[in-house]
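Each remark here refers to the structure printed beneath this line.
The model shown is predicted, which means the values in this text are computed figures rather than measured ones. Note on naming: letters A, B, ... go to the chains in the order of the sequence lines (proteins, then strands), and numbering restarts at 1 for each one.
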There are 2 protein chains.
Amino acid sequence: MKTLKISEAVVRRLPVYLRHLIELKQREVLTVSSQDLGQKLDLNPAQIRKDLAYFGDFGRKGIGYDVSYLIQQIRHILKLDQIINVGLVGAGKLGHALCNYTVYLKDNMKIVAVFDAMESKIGTDINNLKVQPMSEMITTVRNQHIRIGIITVPAAEAQYVAEQFVEAGVEAILNFAPVILKVPSHVRVHTADFTTDLFSLAYYLTDQGKEVPVQ
Amino acid sequence: MKTLKISEAVVRRLPVYLRHLIELKQREVLTVSSQDLGQKLDLNPAQIRKDLAYFGDFGRKGIGYDVSYLIQQIRHILKLDQIINVGLVGAGKLGHALCNYTVYLKDNMKIVAVFDAMESKIGTDINNLKVQPMSEMITTVRNQHIRIGIITVPAAEAQYVAEQFVEAGVEAILNFAPVILKVPSHVRVHTADFTTDLFSLAYYLTDQGKEVPVQ
DNA sequence: CAATTACTGTTATTAGCATAACAGATGTTC
DNA sequence: GAACATCTGTTATGCTAATAACAGTAATTG
């Protein structure tokens with residue numbers, strides 16, 4: 001285990017490896033080479049080897065990587081062998097979708113509390129969790145040892161929610177609102193905004209002028 | 001307008017600029033400097049100037065950028081001044097959320113059709129759109145001139161849906177399923193998977209061992 | 001058991017992107 | 001209207017990340 005500074009690009013590929021390895025394990029594949037992985041994941045084999053080598057010598061020359069062992073190692077690197085509690089603010093459709101989705105996963109990461117500012121939503125059930133008012137957020141985050149916060153509120157409220165999360169002591173935030181959040185540097189933020197994704201995809205469309213048949 | 005190859009990193013920042021500029025316009029700010037923008041968006045001012053300069057001389061020395069003019073220009077670059085119809089497959093919670101969300105935007109990009117494979121979902125209403133069966137997908141995509149496809153189905157079905165989209169003639173795909181899609185090179189794919197986001201955030205958490213108070 | 005093949009881990013090279021530096025232009029102030 | 005401040009567009013520099021190359025090791029085959 002080296003102590004080099006690992007780039008974010010590397011870290012973001014690890015979950016991709018993990019996902020595919022789990023699939024391989026389900027298909028009872030025992031070992032896999034960087035070339036196989038590269039083909040399936042559209043990545044350069046050398047890059048995969050280098051990524052993994054940052055964290056240890058997981059492979060065997062002439063053979064490849066033991067699937068089960070590598071799964072175990074990546075889960076450890078990503079801290080998925082710890083219990084990681086997650087809190088979510090914003091019980092809208094997207095919030096609902098995320099609650100369902102992550103529960104589906106067989107990992108130690110779980111959404112354990114949901115909050116909303118709207119009176120009408122408080123007390124309603126999402127995936128066996130009762131939606132709590134914002135006033136309870138800080139104490140719940142502390143009591144339930146919530147370490148990651150997810151924000152699925154409208155843009156205008158996102159900064160306020162982020163500040164509450166920070167005050168409560170969350171270590172990282174996953175933000176779905178289309179704004180750049182300002183938080184202290186010890187809190188990691190990732191913004192996952194699909195309008196950005198959609199708009200940047202539009203750039204690559206072929207230019208066709210403005211007239212389009214509308215029925 | 002130069003014909004250099006624009007990097008994806010640049011393209012992905014354009015929607016971020018656009019969003020903030022629209023906010024500035026609503027607040028009746030007339031001009032803005034790269035420094036102001038950089039401060040608000042956590043970006044280097046030089047980078048912003050360079051990004052914009054790829055596409056033209058939009059700013060004025062000593063002054064900055066005219067907000068309205070720059071909005072217009074970026075919208076043009078991103079082709080948001082054209083009508084861009086979008087189709088979505090997967091009428092689950094996430095699909096619902098996306099339908100609501102994009103409709104909210106005042107842009108020419110709209111989800112105009114929703115499909116699902118499940119019998120029980122077909123015919124139901126999502127945001128004034130009737131969910132159609134997969135069998136109608138290809139003809140609808142062609143008739144309605146759908147150019148971007150969104151995939152919000154489970155991982156196992158995503159590749160099949162992608163192939164249908166490609167056959168129907170879609171130019172780009174936004175994929176929310178946690179798989180790497182294989183499509184011809186003329187179709188642009190962006191995968192927006194939040195398990196990847198969440199898992200890579202976990203990497204940055206402080207190591208705390210495995211014991212965690214669970215109520 | 002030598003020769004061959006199939007792999008990794010690591011070092012070297014290339015390419016791409018972000019930052020810095022600066023020249024040129026605009027407005028403002030005294 | 002000269003001196004100064006502001007801010008862009010562009011060129012130069014530095015750095016980070018991706019790719020390629022290769023040495024070393026394990027299994028396999030004749």
query = If we ignore angles and hydrogens, is there a donor and acceptor under 3.5 Å between the side chains of Asp81(A) and His76(A)?
reply = yes
[X] [atom1] to [N] [atom2]: how many Å, rounded?
| X | N | atom1 | atom2 | answer |
| --- | --- | --- | --- | --- |
| Asp57(A) | dA23(D) | CG | C1' | 15 Å |
| Ile6(B) | dC17(C) | CD1 | P | 10 Å |
| Phe55(B) | dG9(D) | CZ | C1' | 15 Å |
| Tyr69(A) | dT8(C) | OH | P | 15 Å |

task = Kindly write out the residues that satisfy side chain to side chain donor-acceptor pair (under 3.5 Å) with Asp66(B), not counting sequence neighbours, or none if the list is empty.
result = none
For Arg19(A), side chain to side chain donor-acceptor pair (under 3.5 Å) partners two or more places apart = Asp193(B), Thr196(B)
I'd like to know if the side chain of [X] reaches the main chain of [Y], judged simply by a donor and an acceptor atom lying under 3.5 Å from each other, with no hydrogens or angles considered.
| X | Y | answer |
| --- | --- | --- |
| Asn108(A) | Ile84(A) | no |
| Thr152(B) | Gly90(B) | yes |
| Asp116(B) | Ala91(B) | yes |

task = Just grab all the side chain to side chain donor-acceptor pair (under 3.5 Å) pairs involving residues 165-177 of chain B, residues at least two apart or on different chains.
result = Thr206(A)-Glu171(B), Arg147(B)-Glu171(B), Asn175(B)-Thr191(B)
query = What closest approach, in Å, do Leu201(B) and Ala172(A) show between heavy atoms, and which atom pair accounts for it?
reply = CD2-CB, 4.0 Å
query = Out of Arg188(A), His190(A), Lys79(A), which one pairs with Tyr204(B) under the side-chain contact (heavy atoms from CB on, under 4.5 Å) rule?
reply = Arg188(A)
side-chain hydrogen bond (donor to acceptor under 3.5 Å, both in side chains) between Gln39(A) and Gln35(A), worked out = CA-CA 6 Å; Gln39(A) 209 138 31; Gln35(A) 195 158 41; over 6 Å; no
Contacts under 3.5 Å, N or O only, protein and nucleotides 26-30 of chain D:
| unit_1 | atom_1 | unit_2 | atom_2 | d |
| --- | --- | --- | --- | --- |
| dA26(D) | O4' | Lys61(A) | O | 3.2 |
| dA27(D) | OP1 | Arg60(A) | NH2 | 2.5 |

ask   = Are any of Tyr65(B)'s side-chain N or O atoms less than 4.0 Å away from OP1 or OP2 of dG9(D)?
value = yes
message = Quick check on contacts: within residues 7-16 of chain A, what sits under 4.0 Å from DNA chain D by heavy-atom distance?
response = Ser7(A), Ala9(A), Arg13(A)
query = In residues 33-51 of chain B, which ones come under 4.0 Å of DNA chain D, going by heavy atoms?
reply = Ser33(B), Ser34(B), Arg49(B), Lys50(B)
ask   = Under 4.5 Å between any side-chain heavy atoms of Lys182(B) and Asp42(A), yes or no?
value = yes
